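First the structure, in the form of structure tokens, and then the observations on it.
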2 protein chains.
Amino acid sequence: MRWEELDREPCSLARTLSVVGDRWTLLVLRECFLRVRRFEEFEQRLGIARHVLADRLKKLSDAGVLEKVPYQERPRREEYRLTEKGLALYPVLQALLDWGDAYMSGSEGPPIIRRHKSCGHAMHAVQTCSECGEPFGARDIVAELGPGAQGEMLPSGIASPKGSTAK
Amino acid sequence: MRWEELDREPCSLARTLSVVGDRWTLLVLRECFLRVRRFEEFEQRLGIARHVLADRLKKLSDAGVLEKVPYQERPRREEYRLTEKGLALYPVLQALLDWGDAYMSGSEGPPIIRRHKSCGHAMHAVQTCSECGEPFGARDIVAELGPGAQGEMLPSGIASPKGSTAK
DNA sequence: TTGACAGGTTCCGTTTCGGAACCCATTCTA
DNA sequence: TAGAATGGGTTCCGAAACGGAACCTGTCAA
């Protein structure tokens with residue numbers, strides 16, 4: 001596959017990466033979740049080249065992840081805000097953050113801690129099964145072809161809908 | 001910040017992206033979780049340029065996410081396997097997959113479904129608080145400076161350890 | 001009239017990527 | 001015993017993306 005065709009791949013991961021999978025996009029979104037909204041502030045906090053920032057903000061807006069909302073007229077100025085679709089990326093950031101906290105923190109510990117408003121504790125994310133509520137890891141899941149599948153998507157030895165599960 | 005210095009940023013997200021944040025790495029890891037292990041199979045399934053693949057596999061091995069294990073001698077052949085550190089990236093892939101299923105699937109539905117071995121249901125991931133077990137979203141969390149913090153990391157208006165919480 | 005501010009766009013030189021060709025040790029096949 | 005196949009790369013070239021700096025565009029204040 002080529003990079004520009006990622007969004008047409010029959011794979012939700014590839015399609016997601018076609019939106020957030022390049023060099024700066026997830027860092028821009030980190031700032032969005034920290035309530036950064038204006039061009040200059042993104043630029044200052046990230047140290048990103050201006051035209052690259054402009055490109056990323058445009059692509060995220062086109063994808064419906066951010067929206068431009070005017071905050072003054074004359075001269076017209078607009079800021080970038082997360083949409084619901086953008087807010088739904090929070091678990092992605094959480095998962096990246098948790099892995100970094102666990103494997104990339106120095107001896108001092110993580111640079112930022114997250115506090116759960118309702119219970120008041122410093123926390124990290126635990127992924128649980130939407131159906132039974134139990135925590136799970138890579139070894140607890142099998143992949144199967146779904147309704148939107150096409151062609152040879154799973155390597156040999158992996159379960160298909162009607163086949164047997166992989167050993 | 002510049003891209004080559006990402007791993008020295010005081011931010012777990014930036015540090016994680018220094019390992020998995022470039023064009024092909026997460027797709028390579030998707031294949032790893034589908035039990036793809038050999039150079040040729042990565043190449044065929046991804047359609048990635050060979051030297052880019054070689055570079056990504058080397059970087060992931062250097063980072064301790066994959067390890068090369070010999071599967072035959074004479075001629076010596078090695079395959080790439082996820083380490084525990086690599087397996088710990090599963091929540092990242094899950095989160096990306098869930099967002100793609102929710103926002104990037106066509107009318108047919110998601111191309112791959114995940115089945116939870118222990119409960120038997122097709123499932124997606126739900127992130128819950130490690131402390132109280134409740135599901136949470138972006139609006140339920142506040143960020144605070146942690147032990148590894150340095151300098152101006154949070155935008156004005158965001159809580160610091162001793163300050164008040166952001167509105 | 002000049003300067004500042006916010007939000008870009010343009011230009012240029014350096015990296016990275018995509019695609020194809022080539023390399024190398026070993027084993028299989030004719 | 002020659003030649004092809006296999007698996008895992010490396011090398012080379014032109015195209016695309018990036019980093020940095022300069023420039024542009026409304027509007028308002030001094």
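Quick note on labels: first sequence line is chain A, next is B, and so on, each numbered from 1. Source: prediction; values computed, not measured.
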Considering all heavy atoms of both residues, which atom of B:Leu87 and which atom of A:Arg139 are nearest to each other, and what is their separation?
-> CD1-NH2, 2.9 Å
A:Arg77 CZ to D:dT25 P, in whole Å, measures 15 Å
State, to 0.1 Å, how close B:Leu57 and B:Val28 come at their nearest heavy-atom pair, and which atoms those are.
-> CD2-CG1, 4.0 Å
Select base, sugar-phosphate, or nothing to describe what A:Phe42 touches, counting heavy atoms under 4.0 Å on all strands.
-> nothing
Within less than 4.0 Å of OP1 or OP2 of D:dA17, is there a side-chain N or O belonging to A:Trp3?
-> no
Nearest-nucleotide 5' precedence on DNA chain C, A:Glu4 against A:Glu79 | A:Glu79
Might you work through the side-chain contact (heavy atoms from CB on, under 4.5 Å) test for B:Glu134 and A:Cys119, ending with a clear yes or no?
-> CA-CA 9 Å; B:Glu134 288 299 305; A:Cys119 81; over 6 Å; no
Answer whether the closest heavy-atom distance between the side chains of B:Asp22 and B:Arg56 falls below 4.5 Å.
-> yes
Can you check whether A:Thr83 reaches A:Leu66 side chain to side chain, under 4.5 Å on heavy atoms?
-> no
Return the value, rounded to whole Å, for the distance between atom NZ of B:Lys59 and atom P of D:dG9.
-> 15 Å
Please work out if A:Glu78 contacts a base, only the sugar-phosphate, or nothing of the nucleic acid, heavy-atom cut-off 4.0 Å.
-> sugar-phosphate
Protein-nucleotide distance (B:Leu6, atom CG; D:dG19, atom C1'), rounded to Å | 14 Å
Could you state the atom-to-atom distance from CZ of B:Arg37 to P of D:dG7 in whole Å?
-> 16 Å
In whole Å, what is the span from the CD atom of B:Glu5 to the P atom of D:dC18?
-> 17 Å
A:Tyr103: what forms a ring pair (Phe, Tyr, Trp, His ring centres under 6.0 Å) with it, not counting sequence neighbours?
-> A:Trp99
Which of parallel (below 30°), tilted (30 to 60°) and perpendicular (above 60°) describes A:Trp3 and B:Trp24?
-> perpendicular
Separation of atom CD in A:Gln44 from atom P in D:dG20, rounded to whole Å | 15 Å
Toward the 5' end of DNA chain D, by each residue's nearest nucleotide, B:Met1 or A:Arg76 = B:Met1
Round to a whole Å and report the spacing from NE2 of A:His51 to P of D:dG19.
-> 8 Å
Can we say B:Glu79 and B:Arg38 salt-bridge, meaning some charged N sits less than 4.0 Å from an Asp/Glu carboxylate O?
-> yes
Once you round it to whole Å, what is the distance between C1' of D:dG9 and CD of B:Glu43?
-> 10 Å
Remember a base hit wins even if backbone is also touched, and classify B:Lys68 as base, sugar-phosphate or nothing at under 4.0 Å, heavy atoms.
-> sugar-phosphate
Between D:dG20 and B:Arg2, is there an OP1 or OP2 to side-chain N/O distance shorter than 4.0 Å?
-> yes
Check whether the side chain of B:Arg50 and the base of D:dG9 form a donor-acceptor pair under 3.5 Å.
-> yes
When you check the phosphate oxygens OP1 and OP2 of D:dG7, does a side-chain N or O of B:Tyr80 lie under 4.0 Å from one of them?
-> no
Min and max contacting nt of DNA chain C in 5' to 3' order, chain A heavy atoms within under 4.0 angstrom, are C:dC5 to C:dG19
Specify the residue among A:Arg23 and A:Leu57 whose closest nucleotide of DNA chain C lies further upstream toward the 5′ end.
-> A:Leu57
Counting any heavy atom closer than 4.0 Å, what does A:Arg74 reach on the DNA or RNA strands: base, sugar-phosphate only, or nothing?
-> sugar-phosphate
